[in-house]
Amino acid sequence: MKNLYKLPILLIISFIFVSCYPSRQLTGKRNPGVKNVILLIGDGMGVATVYAAMSASQAPLNFERFPVSGLQITYSANAYITDSGAAGTALASGTKTRNGAIGVDENGNPVYSVLARAEEHGLATGVVATSSVTHATPASFIAHQSSRGSYEDIASDFLKTDVDVFIGGGYDHFARRADKRNLIDSLKSRGYDVVTDLQGIMGSDSRKLAGLTYPGQPPYRLKGRGDMLPSSTARALEILSRNKKGFFLMIEGSQIDWAAHANVADTLIDETLDFDKAVGLALDFAEKDRHTLVIVTADHETGGVTITGGDLKTHEVTLSFSTKNHTAVMVPVFAYGPGAMNFSGVYDNTELSKKILSAFRFSDSKKKK
Ligand code: MG
Ligand code: ZN
């Protein structure tokens, strides 16, 4: 009898708990789940290219550390075989568009990327690429242009975002422009530390970093780019992880595609191994952090690569290319971290960003129109 007075108190506490939970969701606060997402895109990297790199490597690759794998289908809105603009837009924004388009739908209307959504919700964001930052894949996360070749317009679009870190080539698209505008000064006045080499990237302690390391496209790793990709990845992770709300980071191994277009097996494998190092850094970060989802995929396959011979003891591998262009084959997806299981199976490339958004559990309340 003495304890009966506790009953109404318990009921009141339960009522408060139950009634608060849905309102938390409606107010747009994030439920506990994934804090950070690192999306790594190997441009043109099909399954044969991944296995060629695995076969050539003395040690197991980071690709082999993922507990979950899947396959995604890459056709674009107007072609069975996609380009990197349409595929990048599908991966970034969940919308099929025509080849050559960047961050716009088939009718030219802007579509917003998972990076833009993360930014809206106060997360830190970044893109790191071994191409110019204005090239199709990184541009798909930032810009809204009907033509991927409009590099200077794409550079201008960087200033319409609040992206915290961007690293790659393309300095001239900001500095030596047909319209004579100097976007380097605009970046500086908006708080970016603008640096032009790897030393500058590693030495910068700024919360906002523009690493524009080459006038146009960087060279292959073997031709002088060196450790730019893994080093930039490490630096980007250090800077972005200071944001307590979390971050979204896209990292691209851009030149896997270029080596495959050129049908040069050694360079293709080397660029894939370089990309795998960035994958390893992302996984190391996620293993420590425990609230980070890591996804590795490609935008499409390039080269129609097949493996016609090899030896796992000598790590020799013989590749054969069936085209100098892209192909329609499905591309691999590897996932690690909370929510990784959602990335298994066979699905369309437009599903990827939807899966990322559902992992972040953003509400739609701040959706851009
Ligand atoms: Mg690319
Ligand atoms: Zn290509």
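Counting convention: from 1, in listed order, for ligands and their atoms alike. Just so you know, these numbers use all the heavy atoms, side chains as well, and skip hydrogens, waters and symmetry mates.
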Query - N/O/S from His261 sitting under 2.8 Å away from the Zn ion (ligand 2) - result: yes
Query raised in the report: Does a sphere of radius 6.0 Å around NE2 in His315 hold more than 12 heavy atoms from other residues, nucleotides or ligands, not counting ones at 6.0 Å or beyond?
Result: yes
Query raised in the report: Is it the case that more than 12 heavy atoms not belonging to Asp185 sit under 6.0 Å from its CG atom?
Result: yes
Query raised in the report: Could Lys354 and Tyr347 be counted as a cation-pi pair, given that NZ or CZ must be under 6.0 Å from the ring centre and within 45° of the axis?
Result: no
Query raised in the report: N/O/S of Asp83 less than 2.8 Å from the Zn ion (ligand 2)?
Result: no
Requested in this report: Could you tell me whether any N, O or S atom belonging to Asp43 is less than 2.8 Å from the Mg ion (ligand 1)?
Outcome: yes
Requested in this report: Report, rounded to 10°, the angle at the Mg ion (ligand 1) between the two atoms OE2 (Glu252) and OG1 (Thr137).
Outcome: 80°
Requested in this report: For the Zn ion (ligand 2), find the closest N/O/S atom on His326 and give its atom name.
Outcome: NE2
Query raised in the report: Do Phe247 and Phe285 make the cut of ring centroids closer than 6.0 angstrom?
Result: yes
Query raised in the report: Do Gln217 and Ser131 have side-chain N/O donor and acceptor atoms under 3.5 Å apart?
Result: no
